[in-house]
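I have placed the structure first, in the form of structure tokens, so that the comments after it can refer back to it.
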Amino acid sequence: NPGWLDRLISAKGNFQLSIFIEPRDIQSVMTNLNKELVKQKSDILTAEKTGIANPSLTVQYEDTYNTLLNLQSGKERLFNISLYINAKAKSKGKLELLSKKIESIMNSVLIIPKVPYLCMQQALQSVLPLMTNKLNISRNIPSSALAACFPFTSNFYNNCRDGIIFGLAKHNSIPI
């Protein structure tokens, strides 16, 4: 849904949010999607033979097929996106409460957050304003879904007449 990240950005609490976005190579994406379609179709046929109804397999197949069609027609592009959140608090109890709150917000938009155990240094480096994705944990996302993650629909921004600066473009330093 448009503005799905609004709830997190407008939530109260001390946390940092980092998003890394990289375009995917169209040739490798097309090859991988075609392979995935074959695998998904095989899973559907296997489920049908065993008599187990699994509508989620059909939905997944249709989503993959529609993504492939949209990529081939030029309506969509595919990106890798990494979303990291670093929560801070003065006590362990407050940190756990804030972490549960963030987890609840993410679960409400069907995102299951994961704590990067044994990778805490890379995680911290990934949320610092260093423009480095040390964790390098990403998910493929089409351009329409990527556009929906930008929080331009929040009521929080209606009070700001000059706008909110999210950052500067890397190559020309134009405010975003």
Side-chain angles (χ1 to χ4, degrees), residues 1-11 13 15-87 95-120 122-123 126-127 133-156 166:
N1 293 329
W4 62 266
L5 204 50
D6 283 347
R7 289 188 57 208
L8 183 63
I9 289 175
S10 59
F15 59 90
Q16 297 167 307
L17 178 78
S18 292
I19 302 175
F20 294 90
I21 303 166
E22 298 175 18
R24 289 285 314 263
D25 173 44
I26 193 72
Q27 291 298 337
S28 64
V29 168
M30 299 292 236
T31 303
N32 290 341
L33 282 176
N34 278 312
K35 288 178 184 177
E36 186 63 25
L37 281 173
V38 170
K39 180 188 171 298
Q40 290 173 358
K41 191 64 170 178
S42 172
D43 291 344
I44 290 170
L45 293 174
T46 302
E48 287 175 357
K49 282 185 179 180
T50 59
I52 300 171
N54 192 345
S56 66
L57 291 175
T58 305
V59 170
Q60 187 178 21
Y61 178 82
E62 289 171 1
D63 285 347
T64 305
Y65 182 74
N66 288 332
T67 299
L68 183 61
L69 283 178
N70 288 333
L71 289 171
Q72 286 176 333
S73 66
K75 292 179 184 174
E76 293 269 16
R77 290 192 58 208
L78 209 58
F79 294 85
N80 282 341
I81 181 172
S82 302
L83 175 65
Y84 304 124
I85 302 167
N86 181 37
L95 180 61
E96 288 175 357
L97 184 64
L98 179 58
S99 296
K100 292 289 183 192
K101 180 180 179 180
I102 291 169
E103 186 176 337
S104 174
I105 292 170
M106 299 304 285
N107 287 336
S108 73
V109 291
L110 302 177
I111 296 175
I112 301 168
K114 297 178 183 173
V115 177
Y117 294 108
L118 304 176
C119 299
M120 294 301 187
Q122 293 91 336
S126 294
V127 295
N133 187 354
K134 295 287 187 175
L135 278 177
N136 206 23
I137 300 170
S138 62
R139 179 180 171 102
N140 296 329
I141 187 169
S143 51
S144 59
L146 179 61
C149 83
F150 289 96
F152 298 128
T153 60
S154 176
N155 291 332
F156 175 74
F166 280 99

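Starting from 1, each residue takes its place in the sequence as its number.
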## Note on the structure
For Ala87 and Leu95 the tightest heavy-atom approach is O-CD1, 3.5 Å

### Message
Nearest 0.5 angstrom please: Gln16 CD to Ile85 CD1, how far?
### Response
11.0 Å

### Message
So which atom in Leu57 and which in Asp43 form the shortest heavy-atom distance, rounded to 0.1 Å?
### Response
CD1-O, 3.8 Å

### Task
Output the distance between atom CZ (Arg24) and atom CZ (Phe79), rounded to the nearest 0.5 Å.
11.5 Å

### Task
Could you tell me whether the side chain of Ser42 and the main chain of Val38 form a donor-acceptor pair under 3.5 Å?
no

### Message
Using side chain to side chain donor-acceptor pair (under 3.5 Å), reason through Tyr84 and Asn133 one step at a time and then give a plain yes or no.
### Response
CA-CA 9 Å; Tyr84 304 124; Asn133 187 354; 2.6 Å; yes

### Task
Indicate yes or no for a side-chain donor-acceptor contact from Ser104 to the backbone of Lys100 under 3.5 Å, with no hydrogens or angles considered.
no

### Query
So Glu103 and Asn107, side-chain contact (heavy atoms from CB on, under 4.5 Å) or not? Walk me through it.
CA-CA 6 Å; Glu103 186 176 337; Asn107 287 336; 3.6 Å; yes

### Task
Supply the atom-to-atom distance Ile21 CD1 to Leu146 CG, rounded to the nearest 0.5 angstrom.
4.5 Å

### Query
Can you tell me how far NZ of Lys75 sits from CG of Asn66, rounded to the nearest 0.5 angstrom?
9.5 Å

### Task
For side-chain contact (heavy atoms from CB on, under 4.5 Å), just list the numbers for Met120 and Val115, CA-CA rounded to whole Å, side-chain angles, deciding distance to a tenth of an Å, and then say yes or no.
CA-CA 9 Å; Met120 294 301 187; Val115 177; 3.9 Å; yes

### Query
Judged by atom type as modelled, is there a donor-acceptor pair below 3.5 Å linking the side chain of Ser138 to the main-chain atoms of Asn80?
no

#### Entry: Euclidean distance, Thr50 OG1 relative to Leu45 CG, rounded to 0.5 Å
10.5 Å

### Neighbour count above 12 (heavy atom, 6.0 Å) for Phe15 CZ
yes

### Task
Can you measure from CG (Asn136) to CD (Gln122) and round to the nearest 0.5 angstrom?
11.0 Å

#### Entry: Over all atoms of both residues, closest heavy-atom pair of Cys149 and Leu5
O-CB, 3.1 Å

### Query
Can you find a pair of side-chain heavy atoms, one from Leu68 and one from Gln72, that are under 4.5 Å apart?
yes

### Task
Of all the heavy-atom pairs spanning Ile105 and Ala11, show the shortest one and how long it is.
CD1-CB, 3.7 Å

## Note on the structure
Closest non-hydrogen atoms of Thr58 and Ile44, given as atom of the first, atom of the second and distance, are CA-CD1, 4.0 Å

### Task
Evaluate side-chain contact (heavy atoms from CB on, under 4.5 Å) for Asp25 paired with Val29, printing each intermediate quantity in order.
CA-CA 6 Å; Asp25 173 44; Val29 168; 5.8 Å; no

### Query
Between Leu83 and Met106, is a side-chain contact (heavy atoms from CB on, under 4.5 Å) present by the stated rule, with each step listed?
CA-CA 11 Å; Leu83 175 65; Met106 299 304 285; 3.5 Å; yes

### Side-chain H-bond candidate by donor/acceptor type, Thr64 with Gln40, under 3.5 Å
yes

### Query
Donor-acceptor pair, Ser143 side chain versus Glu76 backbone, under 3.5 Å?
no

